[in-house]
Protein chains: 2
Amino acid sequence: MAEDADPARRSIGARRNPDSADAILEAAEAVLVEAGYAGFSIEAVARRARAGKPTIYRWWPSKAALLLEVYQRQKRVDVPDTGRLEEDLVGFLKNLFAHWRETSSGSVFRSLIAEAQSDEAAAAALADYSLGRRSHTGQIIERAKARGEIPASVDSAVVADLIASFAWRHLLTNRLDEDEATIGKAVNYVMRGIAAPAP
Amino acid sequence: MAEDADPARRSIGARRNPDSADAILEAAEAVLVEAGYAGFSIEAVARRARAGKPTIYRWWPSKAALLLEVYQRQKRVDVPDTGRLEEDLVGFLKNLFAHWRETSSGSVFRSLIAEAQSDEAAAAALADYSLGRRSHTGQIIERAKARGEIPASVDSAVVADLIASFAWRHLLTNRLDEDEATIGKAVNYVMRGIAAPAP
DNA sequence: ACGCTCAAACGAAACGGCGCGTTTTCAAGC
DNA sequence: GCTTGAAAACGCGCCGTTTCGTTTGAGCGT
């Protein structure tokens, strides 16, 4: 129970953290799902968690910090490894879209991106997170390089960024139920682009 | 002077609309630039425009509607036509990034996207706008098809979407000053992907 | 052509409501 | 008895709306 070393949590006078923090995080997620980002207020979370506002502010400096930690609590999307890059990428996107659609992750991440547009701290946290995620996705590309499927000269960061951009756009414009055909086409275009020998 | 037929404006009893509406739109833009999206409130706009809040609410049903009209007032980015698809796409993105960076358009559009994450009307308006923009960008692709530069089987909507996704991501993550090299690489990957003969 | 009238739109102020982030109070528990 | 943390209360700002008195321009009668 007594887990610690949570970087998002204020560690100033954090002499001890009961599991009420977990209740707050769960309440935050529930509020976000039920009332949407518009209804996501610290007061609503406090009400839902039967906690006091000062308790929340003691551990999270801002709404953004709370949002980020809620998102980081979510289970990660698993990255397929089929041995073929195109299948990996399509599978990854399909998994991601399904995960965003079927759990609260989509709502949470959308809210986080929106919050980052007006909150400096959220923007920094999101940038940090994206960096980690990009290198993670980049491993799919790197594996393909190792197999000799694509040239080693391919900039995997740029490719990962293209894929992530595509995912973000569909999340932000409520198009997560896009045809698989469209995903397939988009990935296929990028795929053939990087697989072709450089001119 | 007596211009009319402005679709975004409430036309119920709109017997006459002085140019105070222009003052409000200008004030909205100024507030957004100076105070950012976080400080963008109807009250702030009203103060800045020396207008009453009811006047604003009379013509724009929501903050989102006001935002959208501010954005649509902006000058459009011109789309190059160099005769080579890759140059067109890179040029378009470079123009767009510069425009977003150097005018208030970037702030306005970022705010609009953020607002669309919690406001249904804003989301609908944005989707509508994006649809128009996508077909506009799609014309670059169509021209390349007509020249025989890429196969006619290429789905220009998907390609336009890929390009737009890339632009959105860089706008939303404050990376509009990305190296031209990165833009070039990304476009080049997509470019070669669609130029290659379908397998 | 002139001036009157009337309705529409105006700016300003105030309303109740809500969420913010903070401070203060108060009932526990080691 | 001293720390802890939930609960209540605070002042603030913005929301969206209502009310007030004023300005303005179009229509109409003289």
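Proteins get letters first, then strands, A, B, ... in listed order; numbering begins at 1 in each.
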Least distance between heavy atoms, A:Lys63 atom then A:Phe40 atom: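 Looking at all heavy atoms of both residues, the closest pair is NZ-O, 3.3 Å.
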
Nearest atoms (heavy-atom pairs only) where A:Val108 meets A:Leu67: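 Heavy-atom minimum between the residues: CG1-O, 3.9 Å.
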
Can you measure [X] atom [atom1] to [N] atom [atom2] for me and round it to whole angstrom units?
X        : N      : atom1 : atom2 : answer
A:Arg47  : C:dC18 : CZ    : C1'   : 9 Å
A:Ile24  : D:dG5  : CD1   : P     : 11 Å
B:Ile42  : D:dT18 : CD1   : P     : 16 Å
A:Glu115 : C:dC20 : CD    : C1'   : 12 Å

Does C:dG11 have OP1 or OP2 sitting under 4.0 Å from an N or O in the side chain of B:Arg50?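 For C:dG11, neither OP1 nor OP2 has a side-chain N or O of B:Arg50 closer than 4.0 Å.
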
Determine: side-chain N/O of A:Ser41 to OP1/OP2 of C:dC20, distance under 4.0 Å, yes or no.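 Looking at the OP1 and OP2 atoms of C:dC20, one of them is under 4.0 Å from a side-chain N or O of A:Ser41.
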
Nearest of [options] to any side-chain atom of [X]?
X       : options                : result
A:Tyr57 : C:dC10, C:dG21, C:dG11 : C:dG21
B:Glu43 : D:dC15, C:dG19, C:dG21 : D:dC15
A:Pro54 : C:dT23, D:dC14, C:dC10 : C:dT23
A:Lys63 : C:dC20, C:dA9, D:dG5   : C:dC20
B:Lys53 : C:dC10, D:dG16, C:dG21 : D:dG16

What about the rings of A:Tyr71 and A:Tyr129, do their centers lie closer together than 6.0 Å?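 When the ring centroids of A:Tyr71 and A:Tyr129 are compared, they turn out to be within the sub-6.0 Å range.
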
What is the nucleic acid contact for A:Ala51, judged by heavy atoms within less than 4.0 Å: base, sugar-phosphate only, or nothing?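 Contact class for A:Ala51: sugar-phosphate only.
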
Around atom CD of B:Glu34, are there more than 12 heavy atoms of other residues, nucleotides or ligands at under 6.0 Å?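 More than 12 within 6.0 Å, yes.
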
